[in-house]
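Just so you know, these numbers come straight off a predicted model, no measurement behind them.
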There are 2 protein chains.
Amino acid sequence: MQFSFRMPVAAQILLCIAKFDGVFKTTSNFLASSVNINPVIIRKTLGQLKSAGLVEVAAGVGGAKLVKDPEKITLQEIFNAVEDDEDLFHIQDNPNPQCPVGRNIQQVLGRRLSTVKEHMLEDFSRITLADLLNDINNAEQNRQ
Amino acid sequence: MQFSFRMPVAAQILLCIAKFDGVFKTTSNFLASSVNINPVIIRKTLGQLKSAGLVEVAAGVGGAKLVKDPEKITLQEIFNAVEDDEDLFHIQDNPNPQCPVGRNIQQVLGRRLSTVKEHMLEDFSRITLADLLNDINNAEQNRQ
DNA sequence: CTCATTGTAATTCATGGTATTACAATGAGT
DNA sequence: ACTCATTGTAATACCATGAATTACAATGAG
């Protein structure tokens, strides 16, 4: 069990936009070929990133641009842009109200797990797009 | 997108076993009625918890018991018992090797995200079954 | 031996993520 | 104004997986 593609795809999209800014027009087809995923998924994701105020997309002409500096874009924003705001874990909806464990489990576990999720988001908030871009550039250098 | 029932169910099972120790025989049917889930799922989960060395199950007779004190059982153990050891996020398997972003994204994002997962597991390791049992008992008191 | 229970396999069902097709709307370039 | 590549979005199909369910042999105390 793991989270879906969404956040990693969104991150890769933003990395490409940042990396190829001014060099290539980053259309959904261009981005799709980097990620190796369907262009429609790219457009949908770009729409979510646009709603989150991270990019602007040129309808008609094509291509996307960052609205904020890579230093100002965190993985938390990216995560929130493409994932619903829901609990980390699915806790059974209808536990037995007759059972002292069942009738309290949602509240008890829910509280504990929401703290864990908050910490995860804090971790994400400390990772910026600039960090990732740096990582990519370093990895490219080491490759040679 | 969220994690499945598994870990919360496993936690509830262990809580019931701890809570009803010596009072009721905690068969899969008994546990299933507290969680309100199919008994087969309970048995499968109990099997995983047994493999992890957290409980012992009386085949034939029925009923399960904790092998360790609730203070010694952490949410991390429970999580690892029922979830595969895999990355937190699914990162695209076949990114474009021609693209400088595509050919490095797995390594770069993977490293960052595995750190986040480690932190999550550390959080889990600080929550014990005894903590949850306490939470349940407190919630029960406040209910009156 | 009996019988409730476990362990496990097999099957079905439902959900949700991803792929794909299709097409109207957009808007710079001519 | 027209063209045309591209976006935005709906609709549909497909598939993987989690959960429910059925079935039954194996277990082991009484």
TODO: Kindly say if B:Asn38 contacts the phosphate of D:dT21, meaning a side-chain N or O under 4.0 Å from OP1 or OP2.
DONE: yes
- [ ] Evaluate the side-chain contact (heavy atoms from CB on, under 4.5 Å) criterion for residues B:Asp21 and B:Ile17: first the C-alpha distance (whole Å), next the side-chain angles of each, then the deciding distance (0.1 Å), finally the verdict.
- [x] CA-CA 6 Å; B:Asp21 182 46; B:Ile17 294 175; 5.7 Å; no
- [ ] May I ask you to say what A:Ile37 touches in the nucleic acid, namely base, sugar-phosphate or nothing, with a heavy-atom cut-off under 4.0 Å?
- [x] sugar-phosphate
Open item on the list: Under 4.0 Å from OP1 or OP2 of D:dT7: is there any side-chain N or O of A:Lys44 that close?
Closed with: no
Open item on the list: Does D:dT17 have its OP1 or OP2 closer than 4.0 Å to a side-chain nitrogen or oxygen of B:Ser4?
Closed with: no
Open item on the list: Output the rounded distance in Å from NZ (A:Lys65) to C1' (D:dT6).
Closed with: 15 Å
Task: Partner nucleotide, any strand, of D:dG28 [Watson-Crick/G-U, under 3.5 Å] - done: C:dC3
Task: Distance, nearest 0.5 Å, that separates OG of A:Ser34 from NZ of A:Lys19 - done: 11.5 Å
- [ ] Rounded to the nearest angstrom, tell me the gap between atom CG in B:Asp93 and atom P in C:dA19.
- [x] 11 Å
Task: Residue whose closest nucleotide on DNA chain C lies nearer the 5' end, A:Ile41 versus B:Ser28 - done: B:Ser28
TODO: Look up atom CG in B:Leu75 and atom CG in A:Leu113, then write down how far apart they are to the nearest 0.5 Å.
DONE: 6.5 Å
TODO: Calculate the interatomic distance between B:Asp84 atom CG and D:dA16 atom P; express it in whole Å.
DONE: 17 Å
- [ ] May I have the distance from B:Glu86 (atom CD) to D:dA16 (atom P), rounded to whole angstrom?
- [x] 16 Å
Open item on the list: Between B:Gln2 and B:Val61, which residue's closest nucleotide on DNA chain C lies nearer the 5′ terminus?
Closed with: B:Val61
Task: Opposite nucleotide pairing with D:dA23, Watson-Crick or G-U, both atom distances under 3.5 Å - done: C:dT8
Open item on the list: If you compare all heavy atoms of A:Gln106 against all heavy atoms of A:Gln92, which two are closest, and at what distance to 0.1 Å?
Closed with: NE2-O, 3.0 Å
Open item on the list: By nearest atom, which of the nucleotides C:dT20, D:dT22, D:dT27 is closest to the B:Ala59 side chain?
Closed with: D:dT27
TODO: Using the six-membered ring wherever Trp is involved, compare the ring planes of B:Phe79 and A:Phe89 and label them parallel, tilted or perpendicular (cut-offs 30° and 60°).
DONE: perpendicular
TODO: With the side chain of B:Arg6 defined as its heavy atoms from C-beta on, choose the nearest nucleotide among C:dT20, D:dG8, D:dA19.
DONE: D:dA19
Open item on the list: Tell me the interatomic distance from B:Lys25, atom NZ, to C:dC3, atom P, rounded to whole angstroms.
Closed with: 15 Å
Open item on the list: Regarding A:Gly60, tell me which of base, sugar-phosphate or nothing describes its non-hydrogen contacts under 4.0 Å with the strands shown.
Closed with: base
- [ ] Could you tell me the separation between the CZ atom of B:Phe3 and the C1' atom of D:dT17, rounded to a whole number of Å?
- [x] 14 Å
Open item on the list: At less than 3.5 Å, do the side-chain atoms of B:Arg43 and the base atoms of C:dT8 form a donor-acceptor pair?
Closed with: yes
TODO: Write down the distance between CD (A:Gln92) and C1' (D:dA20), rounded to a whole number of angstrom.
DONE: 12 Å
Task: Separation of A:Gln107 CD from B:Ile136 CD1 (nearest 0.5 Å) - done: 8.5 Å
Task: Separation of D:dT27 C1' from B:Glu56 CD (nearest whole Å) - done: 16 Å
Task: Phosphate-side-chain proximity, B:Lys50 and C:dG7, N/O vs OP1/OP2 below 4.0 Å - done: yes
